[in-house]
Amino acid sequence: MTAIEDTTTTLPKIPTVRLDQADPALMEELLEVVERVATSGGFTGGPEVEAFEAEFAEYCGSAHAVGLSSGTEAIVLALRALGIGAGDEVIVPSNSFIASAEGVSLAGATPVLVDPDPKTHLLTAEGVAAAIGPKVRAVVAVHLMGSTVDMDALLEVTQPAGLKVIEDTAQAHGAFIRGRRAGSIGDVGCFSFYPTKNLGGWGDGGGIVTNDPEVAHRVRLLRSHGEEPRYHHQMVGTTARLDALQAALLRVKLRRLDAANDARRRLGAALREGLAGTCVELPAAALPDGEGDHVYHLFIVRTKERDALREHLDAHGVGNAVHYPFPIHRTEAYAELGMSEGSLPVSERLAEEILTLPLFPTMSDQDVSRIVAAVRAFRGNH
Ligand SMILES: *Cc1c(COP(=O)(O)O)cnc(C)c1O
């Protein structure tokens, strides 16, 4: 056994995530667009939103993008635009942020929560095939943590069954799946632009991409009271528009998204390499190298000694968190589904064992070394 570096340190704590203030050049550009929007006086819709939609559609390789107020609304309005609602069921992985299921419920449908693959933590075609019943009309495929679902395998199951596929791409903006962007492969790709996401604004925001002009049109109507033209309300919609300010900020950050994702990929690979052979288990990819992607929205490890490791990391100035401590089927919000403990054992085990380590695009190589050294110094390795 080689000597273990002394990792107890007076260095500042490495946060789990860090936002725009870490990049002064970006900050300056963002403040300029805030001024531009403030002095234009247009705060909802208008040229900034239209320009962002055009740029984001092109970036994703989709025919249409529609800016919305959140990722949750994106799922709700995508389902409503597809005609899915009361009486329908939608398959959702239980090990996701609750919004993946809430979008289904808020559209009036019922989520059918399923387990992911224990190695990849992702929804699989087999898992979906086993959950298809007479009322199931759609699937929410979550590219969890930035790791991509095998969409081709999934579509082989959903297409013959006539199911729609929503890609929950809230954690995987810009990821590639066999050369196509995540979100552009299913019927609708749903995005969140919440500040911590790979593409995030300075508040809430979201959007959809789709190649179906009818779906794009219906989402546009739904986000603003079904109104077209002015005061002609064609359907009961809502207020779910993307703010001009967020759109303007997102346009600046979209130009940096590929570089930020490259930094995430590089840091993720360095952490994986450093942590190989330690007491933590690293999630596997669903697709072979070069076919799938991982844009490391968050860096997840798995350990049976999570609480002890968290304490140890805290003592060593390494930020950590749990995303997410409860599977959706075990939340109070979904108690009405009546899914008791043990009903989805993989999601339940993951919720007990997953741990999020720091990863953000401006993280340094020294930070990576400190994180690796701290995990390696944990007694669970010895
Ligand atoms: C963040 C997130 C959402 C919801 O996005 P909001 O903008 O917060 O409504 C949906 N699904 C997943 C997987 C997310 O991480």
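Just so it is clear, the model here is predicted, and its values are computed rather than measured. Counting starts at 1 for both ligands and their atoms, in listed order.
A donor-acceptor pair under 3.5 Å is absent between the side-chain atoms of Asp293 and the main chain of Ala175, judged by distance alone. A donor-acceptor distance shorter than 3.5 angstrom exists from the side chain of Asp115 to the backbone of Ser347, with no hydrogens or angles considered.
Using a 4.0 angstrom heavy-atom cutoff, Ser96 counts as in contact with ligand 1. Asp204 does not count as a contact of ligand 1, since none of its heavy atoms falls under 4.0 Å from the ligand. Distances from ligand 1 to the non-hydrogen atoms of Glu73 include no value under 4.0 Å.
Regarding atom 15 (O) of ligand 1, its nearest protein heavy-atom neighbour is Lys197 NZ, 2.6 Å. Of the protein's heavy atoms, Ala99 CB, 3.5 Å lies nearest to atom 4 (C) of ligand 1.
Applying the side-chain hydrogen bond (donor to acceptor under 3.5 Å, both in side chains) test to residues at least two apart or on different chains, the pairs with a partner in residues 160-170 are Ser100-Asp168, His143-Glu167.
The contact set between ligand 1 and Ser100, taken as ligand atoms under 4.0 Å from a residue heavy atom, comprises 11 (N), 13 (C). Less than 4.0 angstrom separates some heavy atom of Asp168 from each of these atoms of ligand 1: 10 (C), 11 (N), 12 (C), 13 (C).
Every residue was checked against the salt bridge (charged side-chain N to carboxylate O under 4.0 Å, His left out) condition with Asp212, not counting sequence neighbours, and none meets it.
More than 12 heavy-atom neighbours from other residues, nucleotides or ligands sit within 6.0 angstrom of CD on Gln21. Shown here is Gln234, whose CD atom has more than 12 heavy atoms of other residues, nucleotides or ligands within 6.0 Å. Residue-environment remark: NZ (Lys13) exceeds the threshold of 12 foreign heavy atoms within 6.0 Å.
At a heavy-atom distance under 4.0 Å, atoms from both the backbone and the side chain of Thr72 approach ligand 1. Using a 4.0 Å cut-off between heavy atoms, Ser70 contacts ligand 1 through both its backbone and its side chain.
At least one N or O atom of Ser192 sits closer than 3.5 Å to an N or O atom of ligand 1. The shortest N/O to N/O separation between Val142 and ligand 1 does not fall below 3.5 Å.
For the pairing with Phe97, the ring-ring contact (aromatic ring centres under 6.0 Å, His included) check across Tyr324, Phe326, Tyr194 returns one residue only, Tyr324.
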